[in-house]
Amino acid sequence: MDIQIAQLMQFSQLIINGIAVGSIIALAAVGLTLTYGILRLSNFAHGDFLTLGAYLTLLVNTLGVNIWLSMILATVGTVAAMLLSEKLLWSKMRSIRANSTTLIIISIGLALFLRNGIIFIWGGKNQNYNVPVTSALDIFGLKVPQNQLFVLGLAVVAILGLHYLLQNTKIGKAMRAVADDLDLARVSGINVDQVIFWTWLIAGTLTSLGGSMYGLITAVRPNMGWFLILPLFASVILGGIGNPYGAIAAAFIIGIAQEVSTPWLGSQYKQGIALLIMILVLLIRPKGLFKGTI
């Protein structure tokens with residue numbers, strides 16, 4: 001009986017860890033699915049922008065700024081970097097109607113550029129934010145780190161804000177129209193350039209916050225975003241490409257599935273769960289669990 005209780009407690013602990021990881025994947029996956037749904041861009045550099053957000057938070061934090069304010073300031077830098085990539089790369093590729101293969105190759109090159117730039121500036125070792133050490137909360141016998149609760153709470157606030165923007169604002173409606181049919185939206189008088197700007201603004205903000213929070217519950221390292229790129233794409237595919245709500249739900253499924261699998265597979269193989277889920281979805285339901293539209 002005691003063994004069964006211990007196993008149940010371990011399983012519950014893994015679910016809590018999975019929810020925390022899932023909330024981070026959800027934030028970044030929303031940005032990734034928006035850029036594909038609106039810009040038709042499979043951005044393999046998305047994970048490295050997440051890493052950039054974590055390192056910019058580290059940079060500001062080491063200057064003595066509060067960690068939460070550091071996260072906010074880091075989003076400004078991450079959004080600026082994404083807008084710069086839009087100006088120098090993606091807008092030019094759209095103007096010449098580059099095919100998807102070309103866009104993927106360019107995004108992989110951009111990912112390598114960002115990652116090696118981070119290593120050049122900050123080095124390759126793991127680093128941590130300058131935050132006070134807090135004891136874990138005891139909730140029904142489960143140890144829940146306070147940082148995980150902060151991460152989940154911040155993710156919920158960001159997701160609710162995204163929902164309000166998409167459903168109740170003029171720009172949100174314009175984004176949905178562009179995702180459905182870009183040419184029709186353009187002839188209807190919608191400012192497509194403004195929609196593209198807002199797409200990068202939202203994607204950069206959510207991705208930077210995801211990276212900052214991931215660094216809060218683990219450590220800041222140059223390859224942190226690259227290791228998340230598979231769960232990110234798996235969430236986008238599982239949730240239906242272009243559907244931010246589907247990506248959020250799928251992110252929590254994948255986050256929990258990865259953590260629950262660790263007693264059997266070990267932590268080094270839990271990334272394989274995301275790959276397995278992605279393959280099964282592509283074989284059984286290629287369009288994902290939800291309708292692929294915003």
Side-chain angles (χ1 to χ4, degrees), residues 17-54 75 78-79 82 104 107 111 151-152 154-163 165-166 175-176 179 198-215 217-218 224-259 270-271 273-282 285-294:
N17 295 341
I19 291 173
V21 173
S23 63
I24 291 165
I25 296 174
L27 288 174
V30 166
L32 184 60
T33 202
L34 283 177
T35 53
Y36 184 86
I38 294 173
L39 306 177
R40 302 297 186 266
L41 172 63
S42 298
N43 191 4
F44 280 82
H46 199 79
D48 292 283
F49 278 113
L50 179 146
T51 306
L52 179 63
T75 62
T78 306
V79 169
M82 282 192 167
I104 288 173
S107 71
V151 165
L152 179 59
L154 188 56
V156 169
V157 170
I159 289 168
L160 289 176
L162 173 69
H163 171 75
L165 186 144
L166 289 177
M175 291 173 71
R176 299 205 306 272
W198 274 92
T199 300
W200 287 117
L201 177 63
I202 295 168
T205 299
L206 295 180
T207 302
S208 180
L209 287 174
S212 300
M213 292 191 293
Y214 194 42
I217 64 174
T218 57
M224 59 192 294
W226 180 248
F227 286 141
L228 277 181
I229 199 67
L230 184 57
L232 290 178
F233 272 101
S235 299
V236 170
I237 292 171
L238 178 61
I241 295 176
N243 187 334
Y245 306 111
I248 291 167
F252 282 104
I253 293 172
I254 289 173
I256 293 171
Q258 284 188 164
E259 294 300 317
K270 65 182 180 181
Q271 297 277 339
I273 295 297
L275 177 61
L276 177 62
I277 292 174
M278 186 167 65
I279 292 172
L280 290 175
V281 171
L282 288 172
R285 191 178 173 88
K287 292 185 178 180
L289 299 179
F290 307 95
K291 184 179 179 182
T293 176
I294 66 167

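Only a predicted model underlies this, so the values are computations on that prediction, with no experimental measurement involved.
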Asks: Determine whether Ile273 and Ile254 make a side-chain contact, defined as any pair of heavy atoms from C-beta on separated by less than 4.5 Å.
Replies: no

Asks: Of all the heavy-atom pairs spanning Leu232 and Ala28, show the shortest one and how long it is.
Replies: CD2-CB, 3.4 Å

Asks: My understanding is that only residues two or more places apart in sequence, or in another chain, count here; which of them pass ring pair (Phe, Tyr, Trp, His ring centres under 6.0 Å) with Tyr214?
Replies: none

Asks: Only counting residues at least two apart or in another chain, list the ones meeting side chain to side chain donor-acceptor pair (under 3.5 Å) with Ser235.
Replies: none

Asks: If you take all heavy atoms of Thr207 and Gly31, which pair is closest and at what distance?
Replies: OG1-CA, 4.5 Å

Asks: Can you name the side-chain contact (heavy atoms from CB on, under 4.5 Å) partners of Val157, sequence neighbours left out?
Replies: none

Asks: Going from CD1 on Ile38 to CE on Met175, what distance comes out if it is rounded to the nearest 0.5 angstrom?
Replies: 3.5 Å

Asks: Where do Thr205 and Thr75 come nearest, in terms of heavy atoms and distance?
Replies: O-CG2, 3.9 Å

Asks: Go through it in stages, so that I can follow the logic: the residues are Ile159 and Val30, the test is side-chain contact (heavy atoms from CB on, under 4.5 Å), and I'd like the CA-CA distance, side-chain angles, deciding distance and then a yes or no.
Replies: CA-CA 9 Å; Ile159 289 168; Val30 166; 5.6 Å; no

Asks: Quick one: pull up CD1 in Ile248 and CD1 in Ile25 and give me the separation to the nearest 0.5 Å.
Replies: 13.0 Å

Asks: Under the rule for ring pair (Phe, Tyr, Trp, His ring centres under 6.0 Å), what residues qualify as partners of Phe252, not counting sequence neighbours?
Replies: none

Asks: Check Asp48 against Ala111 and note the closest heavy-atom contact, atom names and distance.
Replies: OD2-CB, 3.1 Å

Asks: If you take all heavy atoms of Thr78 and Gly53, which pair is closest and at what distance?
Replies: OG1-CA, 3.4 Å

Asks: Sub-3.5 Å donor-acceptor pair from the side chain of Thr51 to the main-chain atoms of Gly225, do we have one?
Replies: yes

Asks: Mind checking whether Trp226 and Ile229 have side chains closer than 4.5 Å, heavy atoms only?
Replies: yes

Asks: Between atom CH2 of Trp200 and atom CG of Asn43, what is the distance when rounded to the nearest 0.5 Å?
Replies: 5.0 Å

Asks: Quick check for you: to the nearest 0.5 Å, what is the distance between Leu206 atom CG and Leu201 atom CG?
Replies: 9.0 Å

Asks: Between Thr33 (side chain only) and Ala29 (backbone N and O only), is there a donor and an acceptor less than 3.5 Å apart?
Replies: no

Asks: Measure the OG1-NE2 distance between Thr35 and His46 for me, rounded to the nearest 0.5 Å.
Replies: 6.0 Å

Asks: Hey, are the side chains of Ile19 and Leu152 touching, using non-hydrogen atoms and a 4.5 Å cut-off?
Replies: yes

Asks: Hey, could you give me each pair passing salt bridge (charged side-chain N to carboxylate O under 4.0 Å, His left out) that has a residue in residues 237-257? Not counting sequence neighbours.
Replies: none

Asks: Taking all non-hydrogen atoms of both residues, which atom of Trp198 and which atom of Leu165 are closest, and how far apart?
Replies: CZ3-CD1, 4.0 Å

Asks: I'd like to check the side-chain contact (heavy atoms from CB on, under 4.5 Å) partners of Ala249; sequence neighbours left out, ordered by chain and number.
Replies: Phe290

Asks: Within this structure, what is the CD1-CD1 distance for the pair Ile277 and Ile253, rounded to the nearest 0.5 Å?
Replies: 7.5 Å

